[in-house]
Number of protein chains: 2
Amino acid sequence: MGSLADISERAGVSIATASRVLNGSKHPVSAAMRERVLNAAAELGYAPSFAARALVTGRTPIVGVIVGDIVDPYFAHIARGVEHVAGRLGYLTMLSSAHRSTEAEIRHLRALRATQARGVIFASSGYTDDPHRQELQQAVDEARESGARVLTLAHRELDCPSVTFDSRAAAYDITDYVVSLGHRRIAFVDGPKGLFTSLERCAGYEAAMAAAGLDPLRFEGGFEYEAGYDAAQHIAAAGPLPDAIIGVNDDVAIGIVMGLRSAGIEVPERVSVAGINDTRPAAYTGLTTVSAPLYELGLTAARIVLAEKGADEPSDKVLPHQLVPRSTTRRAN
Amino acid sequence: MGSLADISERAGVSIATASRVLNGSKHPVSAAMRERVLNAAAELGYAPSFAARALVTGRTPIVGVIVGDIVDPYFAHIARGVEHVAGRLGYLTMLSSAHRSTEAEIRHLRALRATQARGVIFASSGYTDDPHRQELQQAVDEARESGARVLTLAHRELDCPSVTFDSRAAAYDITDYVVSLGHRRIAFVDGPKGLFTSLERCAGYEAAMAAAGLDPLRFEGGFEYEAGYDAAQHIAAAGPLPDAIIGVNDDVAIGIVMGLRSAGIEVPERVSVAGINDTRPAAYTGLTTVSAPLYELGLTAARIVLAEKGADEPSDKVLPHQLVPRSTTRRAN
DNA sequence: CGGAGGATGGCAAACGATTACCACGCATAG
DNA sequence: CTATGCGTGGTAATCGTTTGCCATCCTCCG
């Protein structure tokens, strides 16, 4: 397959020299030697072995990303951001989807540590109350001790540096916006129980409602389309219709829109609906939402994890979000 | 960090014995030794170094997946399938998004080879006519020569085994379905030029139209939502409205629906719309489509790539698809 | 009681790259 | 003419595992 030994033989130099020219060591090498090595390498199609290199340097040019669910566009946007900078810096991105399971997160974390990845970006669910929580933290600590840079993304439930945006404020802002449209009965379809994101967003919603002197109206939900759909069906069938419904994320909000419409309730004519995140499907469907800096989150996280100097760790960084009014909300009449 | 040497010291056995216990070698080890090693390993929190292992075995427990764009749910579903079986088999999944660039595909392929991945599933775009085509094939060949199992997924543009579904037949079937609804003027919004998937689907559409004695009506498009939206706007503004429009994929079809509606044209009342793939957003939006076995494709590919015996390579496998009528199509009146 | 042979355990050689340290040669200065 | 030192190139140790081969020891049989 072409090893340094092959090259050194072909070029008639020592392995050390070959190694030195091939990765621009500070150790000087004459132009003649250099060229011979380069030629030999080109002819042999040399590719250094990550394994051998990792064995001696202790690190591989890999950055791991652990996400909750790769099919969820929320994570896909983040992953894209990470990939972008990792690629430019010559790193490989190892994406693992934990399928919303803390145990899977731990497994992936351990595996990533075994690969001696340069760093891992932990963009997963963020359970605040989980039997495996402690074990997770331990896995994180182990990874960090072994030299990997670990960063939590979009939640802060672990004891390690993080990059986030203010989910609570985002929920507050969208609620506030809906209030400003003149709606009074505003419901909130929550995410899975015990998840950092759900908690924060629900809190933001409730705070905004309280600030407006309104009573909160919370419904159980989830993070997926179906949860919103079901909740909407339930809401439509139950008591008096709210003026507006806010979903814990875009998928849920879209589910709400569809659920409402399938029950014969026009959106936004009779009920306004809004989401949070501004993922791609939100654009599809004209959903009013709050733009979460997902891609930028990935960018930033990767930059921090892959930074040359581990010195200036900002430790905790918060990125801004932005309101995106579209067509699923309208002024109350 | 805990190496075999540490364990062997602590357990008072040789490194060889420790190694044998820890990975169930056929070489017999007494129960006493076994237990001592196991205890020591547990106490030290031992995790074998992938690098060292790879160096001697020549392989890492990694399966690479190269996709066109991770934000595209089409690929996300595939990735999920791969992850599922890879995880159960103890493999790590390394997901790379090529952002629809053949050069990026080549880079990722080379990187994956450098990691000595067990296999790589190449689920990317499939350009049929690309300046880098030959270079890509060469990278694939190199990877295979170096012992990796390479598989193309969902297209067959490279000389290596593949797992696919019949895109052409899918397009044929959905077109045929729309025809059976009584529509005559049926347009097709195509994907990016020169991509295997676009070509196949357009061909399927045209074949079905020809079989029905109808004239095809093809529009330029792309793979993303915006392409469908723009095409719809264009179609709405231009000549006589078609009875139905088929998008090269779901995202495009959804774009068409939105574009049409924003132009004041009701779907499906005035124009029926259908997509292909049955990704998650198709369910959201009630889009009539053809269910492509994306998840199963990932499952199957991973199983083949990770199979113990490289013997029974089915070489080329084709999975079935299925029509999914929903609410964006209706019978012609 | 001698020996065959299975059951166990250890030694040491890889695997491929990095890098500290050494050696040689030649130029320049004293 | 010798000492100093920089510019270059090589030697070899090292990283952590796997594994072929060898050494023991014990058991069972003739």
Side-chain angles (χ1 to χ4, degrees), chain A residues 1-38 40-41 44-62 90 110-111 113-118 146-147, chain B residues 1-38 40-41 44-62 90 111 113-118 146-148:
Chain A
M1 224 246 300
S3 67
L4 265 192
D6 299 336
I7 290 190
S8 69
E9 186 183 353
R10 183 176 192 114
V13 303
S14 75
I15 292 186
T17 301
S19 170
R20 291 201 262 251
V21 355
L22 256 15
N23 48 75
S25 147
K26 40 269 148 212
H27 192 104
V29 175
S30 70
M33 290 286 124
R34 165 171 289 66
E35 187 169 356
R36 274 157 60 189
V37 170
L38 257 20
L44 262 43
Y46 172 72
S49 153
F50 278 25
R53 186 175 289 183
L55 202 51
V56 34
T57 65
R59 296 260 71 95
T60 47
I62 290 178
R110 295 232 163 93
R113 165 163 167 245
T115 68
Q116 292 166 287
R118 181 80 211 88
S146 81
Chain B
M1 224 247 300
S3 68
L4 267 192
D6 300 334
I7 291 190
S8 70
E9 186 182 352
R10 185 178 191 110
V13 303
S14 73
I15 293 186
T17 301
S19 170
R20 291 199 263 251
V21 169
L22 259 13
N23 49 73
S25 146
K26 40 270 146 209
H27 190 103
V29 175
S30 71
M33 291 285 124
R34 174 178 310 283
E35 188 169 355
R36 274 158 58 190
V37 170
L38 257 19
L44 264 42
Y46 173 71
S49 152
F50 278 25
R53 186 175 287 182
L55 201 51
V56 33
T57 65
R59 296 260 71 94
T60 47
I62 290 178
R113 165 164 169 244
T115 67
Q116 292 167 288
R118 180 80 213 89
S146 81

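We name chains A, B, ... by the order of the sequence lines, and we start the count at 1 in each one.
- In this structure, B/Y46 atom OH and D/dG16 atom P are separated by 10 Å, rounded to whole Å.
- For the pair B/S19 and D/dT17, the criterion of a side-chain N or O lying under 4.0 Å from OP1 or OP2 is not met.
- Taking every side-chain heavy atom of A/V13 into account, D/dG10 is the closest of D/dG10, D/dT19, C/dA17.
- In this structure, the CD1 atom of B/I15 is 15 Å from the P atom of D/dT19, given to the nearest Å.
- A/L22 comes within contact range of no nucleotide atom at all, as no heavy-atom separation falls under 4.0 Å.
- Both B/V56 and B/H27 sit near DNA chain C, but only B/H27 has its closest nucleotide nearer the 5' end.
- Taking only side-chain atoms of B/P28, from C-beta outward, the nucleotide of D/dG16, C/dT18, C/dT8 with the closest atom is C/dT8.
- When each of C/dG16, D/dC21, C/dC21 is scored by its nearest atom to the side-chain atoms of B/R20, the top-ranked nucleotide is D/dC21.
- Comparing C/dG9, D/dG9, C/dT18 against the side chain of A/R53 picks out C/dT18 as the nearest.
- Here the nucleotide nearest the side chain of B/A16, chosen from D/dC15, C/dA12, D/dT17, is C/dA12.
- For D/dT18, the OP1/OP2 oxygens have a side-chain nitrogen or oxygen of B/N23 closer than 4.0 Å.
- For the pair A/T57 (side chain) and A/R53 (backbone), a donor-acceptor distance under 3.5 Å is present.
- Without hydrogens or angle criteria, A/R34 side chain to A/V21 main chain gives no donor-acceptor distance under 3.5 Å.
- Tested against B/F50 for a side chain to side chain contact (heavy atoms under 4.5 Å, CB included), the candidates A/L55, A/T115, A/T60 yield a single pass: A/T115.
- The side chain of B/S14 contributes an N or O atom lying less than 4.0 Å from OP1 or OP2 of C/dG10.
- Smallest separation of non-hydrogen atoms from A/Q116 and B/A51: OE1-CB, 3.5 Å.
- Nearest nucleotide to the side chain of A/S30, out of D/dT8, C/dG16, C/dC11: D/dT8.
- Counting any heavy atom pair closer than 4.0 Å across all strands shown, A/P48 reaches sugar-phosphate atoms only and no base atom.
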